[in-house]
Amino acid sequence: MEQFALDAIERITTRPPEAHHTLSLDPLTPLIGAEVSGLDLSKELTDDQLGELRRAFLAHHVLVFRDQELSDADHKRLASHFGELHPVTLPAEGSDPYVLEISTTKDSRAVAGNGWHADGTADAEPSLGSMLYITHTPEPGSGGDTLFANMHLAYEMLSPHMKSLLDGLTAVHDGLLPWQGATPPEGYVAPRTEHPVVVRHPDTGRKLLFVNGAYTSHIVQLSRAESGALLAMLYDQIARTPFLNCRVRWTPNTLVFWDNRCVQHHATWDYYPHSRYGRRVAINGQRPLA
Ligand code: SIN
C-alpha cells in the first residue's frame with residue numbers, strides 16, 4: 001500500500017479510544033461504521049445518550065442499530081434530534097413528505113441507490129444524513145446489503161499533488177443525471193448546483209472528496225475529457241479500495257444512520273426476485289463549503 005494511504009489510515013487508527021457510558025459500540029471496521037447496542041430508539045433518549053450518539057456519529061460516520069421496533073413517529077422523533085427533517089418525497093395528497101418508502105419486489109425493474117452515491121448532492125443544501133429502517137429483508141437468508149465508503153479517507157489517501165489540484169476545483173451536480181433512461185416523477189424540478197470538489201465537514205473541519213457518480217456531471221475548470229478521466233479515476237478508487245468501505249448486512253428491524261456529508265453508499269440488488277422493504281427519514285444539511 002502507498003505511504004499516502006498508510007498515513008491516512010494511521011491517523012484514524014491511532015486516535016485515542018472513545019469512552020461510552022450510556023451505549024456500547026462495536027466498530028464494523030477500524031475506519032468506518034459501528035454497531036450501537038444498549039439503546040431502545042422507540043423511547044425518548046436522554047441528553048447523555050444523545051451526546052454520546054453524536055460523538056459516535058462523527059467518529060464512525062455510519063451507525064447500525066439492531067432489533068428496533070419503530071413507528072414512523074419514533075423514526076421522525078429520533079431524526080429530529082439531529083436537525084430539522086428534510087423532505088424526501090414530492091408533496092402528494094395523504095403522503096408524509098418526510099418518510100420515503102424503500103420497496104423492492106419481483107416486479108421492480110430498478111432499485112433506488114443501486115450505485116455509489118451521496119443523497120441529493122444536486123441540491124444547494126444536501127441532507128446532513130439519513131436514517132434507513134429496514135423491516136423486511138429478502139427471503140430466504142439475506143442479500144440487499146448496503147455498502148458505505150469513507151470520503152475523508154478517499155481524499156486523504158491521494159498524493160499531495162493530486163490533493164492540491166482537486167482543492168481548487170468545483171463541479172456541477174445535476175439532479176437529472178440519475179434519471180437518464182427513465183422518466184422523472186411528475187412535478188420534479190431538477191436542481192443543479194456547483195459545489196467545491198473538496199469540502200470540509202461542517203462539524204469536524206476535516207476535508208473530504210465531494211463528487212459522486214450519480215449526480216456529478218463535470219468539473220468546471222477542466223476540459224470534458226480531463227474531467228471525465230479525473231472523475232473516473234476517483235470513482236474507481238472508491239469502488240476498488242476495500243479499506244474505504246464497510247458493508248451493512250441487514251436483519252429485520254435494523255436502523256442505519258449515515259452521515260451523508262462524508263460517506264457515499266451503494267444499495268446492492270442481489271436478491272431478485274425476493275423483496276426488501278423499509279422507510280427512510282432524512283435530516284436537513286447545509287451548503288458544503290471548501
Ligand atoms: C438509498 O440509497 O437511498 C437506499 C439505500 C438502501 O436501500 O440500502
Side-chain angles (χ1 to χ4, degrees), residues 28 32-33 35 61-66 68 70 72 75-76 79 82 85-90 95-123 126-139 141-151 173 175 177-180 182 184-185 188 191 210-216 235 238-239 244-285:
L28 296 181
I32 176 170
E35 294 232 5
H61 318 305
V62 178
L63 300 180
V64 182
F65 305 83
R66 304 267 175 204
Q68 302 290 331
L70 299 178
D72 283 354
H75 195 168
K76 288 192 286 184
F82 294 85
L85 298 189
H86 188 77
V88 282
T89 63
L90 290 173
S95 79
D96 185 335
Y98 297 107
V99 180
L100 179 68
E101 286 207 353
I102 301 280
S103 172
T104 311
T105 69
K106 66 178 177 17
D107 299 322
S108 301
R109 288 295 166 265
V111 166
N114 186 19
W116 282 111
H117 66 290
D119 291 325
T121 61
D123 293 339
S127 64
L128 172 155
S130 272
M131 292 184 175
L132 176 59
Y133 178 49
I134 293 287
T135 52
H136 179 92
T137 51
E139 308 273 348
S142 58
D145 296 357
T146 306
L147 281 62
F148 294 89
N150 182 329
M151 291 301 108
H173 296 236
L177 274 189
W179 294 101
Q180 276 176 341
Y188 177 66
F210 197 71
V211 285
N212 68 85
Y215 288 104
T216 308
Y235 301 154
I238 293 163
L244 294 179
N245 307 157
C246 70
R247 184 171 188 119
V248 172
R249 171 158 275 221
W250 298 91
T251 46
N253 301 337
T254 298
L255 181 134
V256 174
F257 179 24
W258 69 84
D259 191 336
N260 192 51
R261 301 165 296 183
C262 64
V263 302
Q264 291 189 25
H265 57 287
H266 184 318
T268 311
W269 191 20
D270 55 359
Y271 49 90
Y272 178 85
H274 300 289
S275 305
R276 178 177 182 267
Y277 178 81
R279 297 187 294 278
R280 181 159 79 76
V281 170
I283 300 149
N284 272 345

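In listed order, ligands and their atoms are each counted from 1.
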Validation row: [X], [Y] side chains within 4.5 angstrom (heavy atoms):
{"X": "Glu139", "Y": "Tyr271", "answer": "no"}
{"X": "Asp123", "Y": "His86", "answer": "yes"}
{"X": "Arg276", "Y": "Ile102", "answer": "yes"}
{"X": "Phe148", "Y": "Val64", "answer": "no"}

Closest approach of any protein heavy atom to [atom], naming residue and atom:
{"atom": "atom 4 (C) of ligand 1", "result": "Ala112 O, 3.9 Å"}
{"atom": "atom 3 (O) of ligand 1", "result": "Arg280 NE, 3.4 Å"}
{"atom": "atom 1 (C) of ligand 1", "result": "His265 NE2, 3.6 Å"}

Once you round to the nearest 0.5 Å, how far does CD of Gln264 lie from CE of Met151? 4.0 Å

Please list, in number order, the atoms of ligand 1 under 4.0 Å from a heavy atom of [X].
{"X": "His117", "answer": "2 (O)"}
{"X": "Arg276", "answer": "6 (C), 7 (O), 8 (O)"}
{"X": "Gly113", "answer": "2 (O)"}
{"X": "Leu132", "answer": "5 (C), 6 (C), 7 (O), 8 (O)"}
{"X": "Ala267", "answer": "5 (C), 6 (C), 7 (O), 8 (O)"}
{"X": "Thr146", "answer": "6 (C), 8 (O)"}
{"X": "Ile102", "answer": "7 (O)"}

Would His117 and His265 count as a close aromatic pair, with their ring centres under 6.0 Å? yes

Looking at the rings of Trp116 and Tyr235, which for Trp means the six-membered one, are their centres under 6.0 Å apart? no

